[in-house]
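So that the names make sense, note that chain A is the first sequence line, chain B the second, and so on, each numbered from 1. Heavy atoms only: backbone and side chains are in, while hydrogens, waters and symmetry mates are out.
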There are 2 protein chains.
Amino acid sequence: MRHIPEEPEAQGAPPRVPRQRSTGAVPTSADVARRAGVSRATVSYVLNNATAVRISEPTRRRVREAARELGYVPHAAARSLRAGQSRMVLMPAPGAPVGALYHRFFHDLQWALSRLDYTVVQYGSAGLTGDEAALAWAELRPVAVVAPGIHELGPAGVAVLKRSGARAVITVGPCPVEGAHALLTDHGEVGRCAAEHLLARGRRRLGVVMPEQPALAVYARARLAGVRAAAARVGAEVTELPLAYEETAAARLAADWPERGVDGVFAYSDEYAMLLMAALQDRGIRVPADTAVVGVDDLMLGRLLRPRLTTVRMDLPSAQELAELVDRTVRHPGTSPTVRDLLGVTLVARESS
Amino acid sequence: MRHIPEEPEAQGAPPRVPRQRSTGAVPTSADVARRAGVSRATVSYVLNNATAVRISEPTRRRVREAARELGYVPHAAARSLRAGQSRMVLMPAPGAPVGALYHRFFHDLQWALSRLDYTVVQYGSAGLTGDEAALAWAELRPVAVVAPGIHELGPAGVAVLKRSGARAVITVGPCPVEGAHALLTDHGEVGRCAAEHLLARGRRRLGVVMPEQPALAVYARARLAGVRAAAARVGAEVTELPLAYEETAAARLAADWPERGVDGVFAYSDEYAMLLMAALQDRGIRVPADTAVVGVDDLMLGRLLRPRLTTVRMDLPSAQELAELVDRTVRHPGTSPTVRDLLGVTLVARESS
DNA sequence: TTGAAAGCGCTACCAG
DNA sequence: CTGGTAGCGCTTTCAA
C-alpha cells in the first residue's frame, strides 16, 4: 500500500509537459532549473562543479542562488542509480550488545572511510543472520561491505553480495570466509596468551569463563580453543564456566568454587573478570593466592580494582589501515582475497595473577 | 571521476532495442523477465506478491525460478525512487565515543523499528555537525530522523530535513529544537537528584566532574546546571572539576584535593566516579568519610568496587515506545511537534556517599 | 555556452 | 491474466 503524492492532473495531456510542482513537494533539480531559467543539465554542471564544461559566471550564480532559495538537496539514490555505483560502505551492525572496544574501532573506521570520501552506513538487520542478512544488505547495492565475524556470513552470502555489485567484501573475525578478504582476529591467540601466563605461574586447573550472550559465542569458543591448546601441552585441566553478566550468577559460580578446585581463571573480558573477582572475594577466596584471574581488553577500570587486574590487550588493526584496504580493493576488485592476521596480543601482568 | 560499466556498443542503433546484458553485470528485473519469458511488469507483480492482479501459478513459478537462478536481488534505491518514499529511518551516529548505555538504547531502537518494517540506518557524518550534517542526511531522503542531542541540530537543520521529505524528525537530548519532536532527556534533573542527595548527607562544598570530551559537553553542562540550582537553594558551593579519562589526570586532581576542600563529588558517570575514587583512595582520602562520591548510569562495575558506588540511574524511554512514536509521526505527519520528558531519574544510594 | 533527451532499475497505471 | 509504457531524479552525451 504505497502512497503516491497528490498529483490530481488526470487530464490526458501529452506527457512531455513539464509539470508545475506544487509548493509542498520536495524541490528537484528541475525546479532549480526553472527558477534559474536554465536547463537541468546546466544545474547539474554547476552544482557538481563540472570542469569539462564552461558555464558563465552569471549563470553559475543564478543557479546557485535558485538552489539556495528553494532549499534544494540532491537525491543521493537517484544520483547513484544513474551513476551505476554508489560510494556506500555498509557495516552491518552487530546483532547484540558488544564491547566498548568494538564500538570504538568501528567509530574510528567510519571516520577513516569518510576521509576517503565513502559514505559509511551501519545497517541493522534485525534478527536475520548470515546469508539471509546478505540478501537484505545486497538490496542497498553497497560498493563495499565490512562485516564483523559475528554475522556468520557464509560463502553463499559473499557471493550474493559480489553478484549484486559489491567490489569489496571484508570480514573481520576469527575465521576466514571463502571469497572475501579476511581480517583475521585470531582469538585463539588471546586464549593461548592468557593460558600460558597462568601456566607459567604454576596454575594447572584452569577455568574459562564463557559469556552467555550467543553473539559472543564465536569469540568465546575461539579463545577457549586457545586455552585448551596451551593447557594440553603441559597436561593441565580446563573447565568451562558459563556465566551470565549478573551479580547473582557470579555469586552462584563462586558458591561452589572450592569443589571445582580451579586455581586459575581466564575470563572472557575484563568485565566478566571483575564480576567474578568481586564474587570470589565476597566468598573469602583470595585473588591471586587461591585463584588467579586474567581478563581481556585492558579496560581502565581493571586498573582501579584491587588487586589490579591482569589482562590481555588486543591491538586491533588501525582503522586507517582497514580503510585503506577497503579503498584499494574497491579500486582493484580483481585482486584475490587476502587473509591477514591483524590481531596483536599482549599480556599485561598486574596483581590478580 | 565516475566509472561507467563497459558497454562498448557505440553504434547509432535505435535506443529501444533491449540490450543484452553482458554476463558480468548485476542482474535486473529485465533479465529475470527475459529468462522467464514474461514482461518486467509481471516480474514485479510476482516478486512483490501483488494482490491486485492475478498471475497464474505456472507463471509465478517460472518467474521465481528465473530470479533464483540469476541470483536476482531487487535494487532498493530504484524501488524507493519510483515509490517516492523510502522506509528508511536515519540515526546519525554519535560523532564521538559515548557510553555503553547509549549503544544499548540505540540497539534496542533499531530492533523495535525493524519490527515495524523500517530500515534503520546509522549514518556516520564525520566531522560535520548540526545543520551542515543535516544537508548530508537529507540527501538520503529518510522518512524519519532520530537525532541524538549531541549533534546540535538546529531549527534550520530540521527545516532542511522536512523539506527534503522527512515526515518525522525526533531529537533525543537535553533541549528541544524548533519544529522537531523532542524526547527530552532532562539532564538537569540528573544533577539535581545527585546534588540533593549529597546535600541531604550534609555536604556543602560540592565538586562536579566535567569530562573533557567535547561531545559530552552538552550533557555535562546540563547536569552541572542542575547541581547549581539545587546548591543555590541551600547556599552550598559548587566547583567545576575538569577531568580527562586517564589515571594520571585523576591523580593530579587528587593531589591538590585537600586545598579544594570539596566534601561531595558528583561525577559525570560511574566511570569517571570510579576513576576519581581510586585516585582519592590512593592519596589516603577516605570515601565517603572525607569526600562522598556519586556517579551516573548504575553500571554493574560500580557495585563491585568497595565502597560500592552511589549512582543516579536514568530510566531511558523504552525503545518500543520511541519506535511507536516514530511510526505514528510518519503516518500522521500533520501533528504538531510534541515535547516529552522521558527521563526518569532514580538515586541508588550505596556506600560511597 | 547551453539545451534536448536517453536511460539507470523499478512499479503502477491502462489496454489488450 | 499479461504486456506496454510512463516516469521517479539525476547525469552525460550529442547537437545546436
Side-chain angles (χ1 to χ4, degrees), chain A residues 1-5 7 10 12-19 21 25-34 36-48 50 52-60 62-63 72-86 139 141 164-165, chain B residues 1-2 4-5 7 10 12-19 21 25-33 36-60 62-63 72-86 139 141 164-165:
Chain A
M1 179 75 90
R2 289 263 168 46
H3 178 75
I4 289 300
E7 288 281 359
R16 269 302 137 77
V17 171
R19 295 197 326 244
R21 280 249 153 238
V26 2
T28 74
S29 78
D31 296 316
V32 177
R34 239 185 325 268
V38 298
S39 75
R40 288 184 5 254
T42 309
V43 171
S44 177
Y45 290 142
V46 171
L47 296 184
N48 293 322
V53 283
R54 313 256 140 237
I55 308 276
S56 69
E57 197 47 48
T59 307
R60 299 190 105 87
R62 277 217 315 286
V63 170
Y72 169 72
V73 177
H75 192 305
R79 174 179 291 173
S80 63
L81 180 59
R82 166 66 222 221
Q85 204 210 72
S86 75
E139 292 196 0
R141 297 290 193 273
S164 78
Chain B
M1 179 76 88
R2 292 261 168 44
I4 291 298
E7 287 283 359
R16 269 301 140 79
V17 171
R19 295 197 325 246
R21 282 252 152 234
V26 2
T28 74
S29 77
D31 295 316
V32 177
V38 298
S39 76
R40 273 160 47 233
T42 307
V43 171
S44 176
Y45 291 140
V46 171
L47 297 185
N48 294 319
N49 292 313
T51 51
V53 284
R54 314 255 139 239
I55 307 275
S56 70
E57 197 47 49
T59 306
R60 299 190 104 87
R62 275 217 317 285
V63 169
Y72 169 72
V73 177
H75 192 304
R79 173 180 292 174
S80 63
L81 180 59
R82 167 66 221 224
Q85 207 211 68
S86 74
E139 292 196 0
R141 296 290 192 275
S164 77

Worksheet item: How many angstroms lie between atom OG of S39(B) and atom OH of Y45(B), to the nearest 0.5 angstrom?
Response: 8.0 Å
Worksheet item: Out of dC10(C), dA6(C), dG4(D), which has the shortest distance to the side chain of R40(A)?
Response: dA6(C)
Discussion item. Can you tell me which nucleotide in dT11(C), dA6(C), dG3(D) comes closest to the side chain of V38(B)?
Written reply: dG3(D)
Discussion item. Among dC10(C), dC10(D), dT2(D), which nucleotide has an atom closest to any side-chain atom of T42(B)?
Written reply: dT2(D)
Worksheet item: Atom CZ of R79(B) to atom C1' of dG7(D): distance rounded to whole Å?
Response: 17 Å
Worksheet item: Once you round it to whole Å, what is the distance between C1' of dT11(D) and CD of Q85(A)?
Response: 15 Å
Worksheet item: Looking only at N and O atoms, is any donor in the side chain of Y45(A) or the base of dC10(D) less than 3.5 Å from an acceptor on the other one?
Response: no
Discussion item. Apply side-chain contact (heavy atoms from CB on, under 4.5 Å) to residues R62(A) and T42(A) and explain how you reach the verdict.
Written reply: CA-CA 11 Å; R62(A) 277 217 315 286; T42(A) 309; over 6 Å; no
Discussion item. Using heavy-atom distances to pick each residue's nearest nucleotide on DNA chain D, tell me which of R141(B) and R54(B) is more 5'.
Written reply: R54(B)
Fill in: Gap between atoms CG and P, on L81(A) and dT12(D) respectively (whole Å)
13 Å
Worksheet item: Out of curiosity, H75(A) NE2 to S80(B) OG, how far, rounded to the nearest 0.5 Å?
Response: 6.0 Å
Practice prompt. Starting at atom CZ of R34(A), determine the distance to atom C1' of dA4(C), rounded to an integer number of angstrom.
Written response: 15 Å
Worksheet item: What nucleic acid atoms does S56(B) come within less than 4.0 Å of, heavy atoms only: base, sugar-phosphate, or nothing?
Response: sugar-phosphate
Fill in: Atom pair CZ (R79(A)) and CD (Q85(A)), whose distance is rounded to the nearest 0.5 Å
14.0 Å
Response to the item:
With the side chain defined as heavy atoms from C-beta on, H75(A) is closest, among dA4(C), dG9(D), dG4(D), to dG9(D)
Discussion item. What's T59(A) touching, base or sugar-phosphate or nothing? Going by heavy atoms closer than 4.0 Å.
Written reply: sugar-phosphate
Worksheet item: Separation of E57(A) atom CD from dT1(C) atom C1', in whole Å?
Response: 13 Å
Item to complete: Tell me which nucleotide among dC1(D), dG7(D), dC8(C) gets nearest to the side chain of R82(B).
Response: dG7(D)
Worksheet item: Is any side-chain nitrogen or oxygen of S29(B) closer than 4.0 Å to OP1 or OP2 of dG9(C)?
Response: no
Discussion item. In whole Å, I'd like the distance from the CG atom of D31(B) to the C1' atom of dC8(C).
Written reply: 13 Å
Worksheet item: If only side-chain N and O atoms of S39(B) are considered, is one of them under 4.0 Å from the OP1 or OP2 phosphate oxygen of dG3(D)?
Response: yes
Worksheet item: In Å and rounded to the nearest 0.5 Å, what is the CG to CZ distance from L81(A) to R141(A)?
Response: 10.0 Å
Fill in: 5'-most by nearest nucleotide on DNA chain C - A77(B) or A41(B)
A77(B)
Worksheet item: Between dC10(D), dT2(D), dT2(C), which one does the side chain of A78(A) approach most closely?
Response: dC10(D)
